[in-house]
Amino acid sequence: MIATSQDVADRAGVSRSTVSQILNGRGEHFAAETRARVRQAVAELGYEPSAAGRTLAKGSSDIVIALIPDTTFGGNLQDIYGALTDELSRRGLALVLRLSTHTTASLDRLVIGMKPRAILSLTPFSDDDRRMLERRGVEAIDPVSSSHPDANSEIGRLQARHLIDRGYRRLAYAHLHDARSDTFGGPRERAFADECRARGVDDPRILTLGINAEEAVTALDQLGSPGFAVGCYNDDVATALLHAASLRGWRVPHDLALIGLDHTPLSRLTTPPLTTMEYDTSLVTEVTVQSILSRLDKQKFSAPRTKVRFQLIEGGTT
């Protein structure tokens with residue numbers, strides 16, 4: 001038989017209302033001995049409070065919604081979401097992944113239906129979205145509200161810095177092209193270009209390609225002549241350009257230098273191995289958990305500031 005709140009009340013010798021208030025965070029109104037008896041009864045009976053009941057009592061659920069942008073990403077982000085699910089679960093919160101909505105009205109319907117504590121977005125909320133979430137009493141967590149530096153901008157800066165430090169002066173940035181939106185490429189390209197200007201290097205050429213030989217060769221031909229160094233959206237883009245260079249007879253890194261991102265297993269199998277960048281996904285999870293908890297418990301939560309650091313993996317392509 002599944003234990004009920006009435007069973008807990010009978011075991012602890014209190015009223016059902018007392019059990020409800022203690023388990024819903026209002027235990028300060030009762031003696032420590034009463035709270036202890038209720039929690040002991042909960043443990044002995046294996047009682048699990050009703051999620052629907054908590055939502056009704058508190059006006060919000062224990063759900064945090066993560067909005068997934070309609071973009072292309074690799075296994076790293078999946079690892080981050082998996083670890084984030086586990087970390088929030090340990091803190092009594094359930095992470096629910098949903099595709100990003102396209103209008104404020106559709107986001108509002110999602111909020112009304114699920115009554116989340118917070119919504120996490122990898123892309124900035126619109127002004128209308130932010131006003132709606134504030135009106136609904138839902139914490140809105142996005143790159144704009146975060147106190148942590150923008151990781152995508154850092155990626156672009158570091159890629160350009162590495163290429164310039166290696167002596168390259170003709171630079172390009174290569175985007176991934178597919179049917180989805182390019183959510184992360186814009187900030188990376190802008191930071192890449194900013195670093196070029198800051199270091200007295202001409203603005204980079206901008207390339208866009210899909211992961212196939214035809215588009216990669218077309219993108220390479222747009223450079224016109226050998227001698228470019230290319231910062232790539234990810235290792236897949238770098239691998240495609242590496243393949244195009246072999247088809248055109250360009251030597252890497254003498255005629256074409258490449259730096260990717262993600263340090264994927266494939267990047268270690270290319271000839272030569274890709275120069276790329278990696279980051280600790282566990283630190284990304286920690287930073288995200290800190291952002292969520294600090295917004296949900298503004299007065300009590302305090303944690304050391306964690307910074308995600310990127311590591312250069314030197315291969316043979318720069």
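All heavy atoms count here, side chains included; hydrogens, waters and symmetry mates do not. Values in this document were obtained by computation on a predicted structure and should not be read as measured data. Along the sequence shown, residues are numbered consecutively beginning with 1.
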Whether [X] side chain and [Y] backbone form a donor-acceptor pair below 3.5 Å:
{"X": "T18", "Y": "V14", "answer": "no"}
{"X": "R190", "Y": "S153", "answer": "no"}
{"X": "S126", "Y": "D129", "answer": "yes"}
{"X": "R35", "Y": "F30", "answer": "yes"}
{"X": "R199", "Y": "A160", "answer": "no"}
{"X": "N234", "Y": "D236", "answer": "yes"}
{"X": "T275", "Y": "G315", "answer": "yes"}

Any side-chain heavy atom of [X] sitting closer than 4.5 Å to one from [Y]?
{"X": "L67", "Y": "F125", "value": "yes"}
{"X": "I65", "Y": "M114", "value": "yes"}
{"X": "R309", "Y": "Y279", "value": "no"}
{"X": "E314", "Y": "R166", "value": "yes"}
{"X": "V230", "Y": "L171", "value": "no"}
{"X": "T218", "Y": "L209", "value": "no"}
{"X": "M277", "Y": "Q159", "value": "yes"}
{"X": "I155", "Y": "L261", "value": "yes"}

Ignoring hydrogens and angles, write down the donor-acceptor pairs under 3.5 Å from the side chains of residues 237-246, residues two or more places apart or on other chains.
residue: T239; atom: OG1; partner: D235; partner atom: O; Å: 2.8
residue: S246; atom: OG; partner: H243; partner atom: O; Å: 2.6

Holding to side chain to side chain donor-acceptor pair (under 3.5 Å), I want the full list of residues that pass it with [X], two or more places apart in sequence or in another chain.
{"X": "Q6", "answer": "D10"}
{"X": "T271", "answer": "none"}
{"X": "R268", "answer": "H263"}
{"X": "D202", "answer": "none"}

Gap between atom [atom2] of [Y] and atom [atom1] of [X] - 0.5 Å precision:
{"X": "T104", "Y": "M132", "atom1": "OG1", "atom2": "CE", "value": "6.0 Å"}
{"X": "I211", "Y": "H177", "atom1": "CD1", "atom2": "NE2", "value": "11.5 Å"}
{"X": "L256", "Y": "L223", "atom1": "CG", "atom2": "CG", "value": "7.0 Å"}
{"X": "Q222", "Y": "T208", "atom1": "CD", "atom2": "OG1", "value": "8.0 Å"}
{"X": "T34", "Y": "R39", "atom1": "OG1", "atom2": "CZ", "value": "11.5 Å"}
{"X": "S267", "Y": "D262", "atom1": "OG", "atom2": "CG", "value": "8.5 Å"}

Subject >> Hydrophobic cluster identity match, L258 and L269, side-chain contacts under 4.5 Å >> reply: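 Result: no, two separate clusters.
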Original post:
Do I141 and L97 sit in the same hydrophobic cluster, where Ile, Leu, Val, Met, Phe, Trp and Tyr count as joined when their side-chain heavy atoms come under 4.5 Å apart?
Top reply: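 Yes.
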**OP:** Tell me yes or no: between the side chains of D86 and S89, is some donor less than 3.5 Å from an acceptor?
**Re:**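 Absent: no donor and acceptor within the cut-off.
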The criterion is side-chain contact (heavy atoms from CB on, under 4.5 Å); which residues satisfy it with [X], sequence neighbours excluded?
{"X": "I112", "value": "D108, R136"}
{"X": "P273", "value": "none"}
{"X": "S225", "value": "R170"}

Subject >> Shortest non-hydrogen separation from G260 to T276 and the atoms involved >> reply: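 That closest heavy-atom pairing would be C-OG1, 3.2 Å.
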Original post:
What heavy-atom pair brings P272 and T270 nearest, and what distance separates the two atoms?
Top reply: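 The pair with the smallest heavy-atom distance is O-OG1, 2.7 Å.
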Original post:
Does any pair with a residue in residues 211-233 pass salt bridge (charged side-chain N to carboxylate O under 4.0 Å, His left out), and if so which ones, sequence neighbours excluded?
Top reply: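 Those involving residues 211-233 are D221-R248.
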**OP:** Please go through L247's hydrophobic cluster and name the other residues, only I, L, V, M, F, W, Y counting, with side-chain heavy atoms under 4.5 Å joining them.
**Re:**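 Direct or chained contacts put L247 with V217.
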Subject >> Partner of I259 by side chain to side chain contact (heavy atoms under 4.5 Å, CB included), out of T317, I313, L312 >> reply: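 Exactly one candidate clears the test, L312.
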Original post:
With a 4.0 Å cut-off, would you call R157 and E195 a salt bridge?
Top reply: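 Here R157 does not pair with E195 in a salt bridge, since their nearest N and O are not under 4.0 Å apart.
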Subject >> Those residues that, when tested against R37, pass salt bridge (Lys or Arg N to Asp or Glu O under 4.0 Å) (two or more places apart) >> reply: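 R37: salt bridge (Lys or Arg N to Asp or Glu O under 4.0 Å) contacts with E33.
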Subject >> side chain to side chain contact (heavy atoms under 4.5 Å, CB included) assessment of R98 paired with L110 >> reply: CA-CA 10 Å; R98 294 291 298 264; L110 180 62; 3.0 Å; yes
Original post:
In chain order, what residues pass the ring-ring contact (aromatic ring centres under 6.0 Å, His included) check against Y173, with sequence neighbours excluded?
Top reply: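 Scan of Y173 (ring-ring contact (aromatic ring centres under 6.0 Å, His included), adjacent residues dropped) gives H175, F192.
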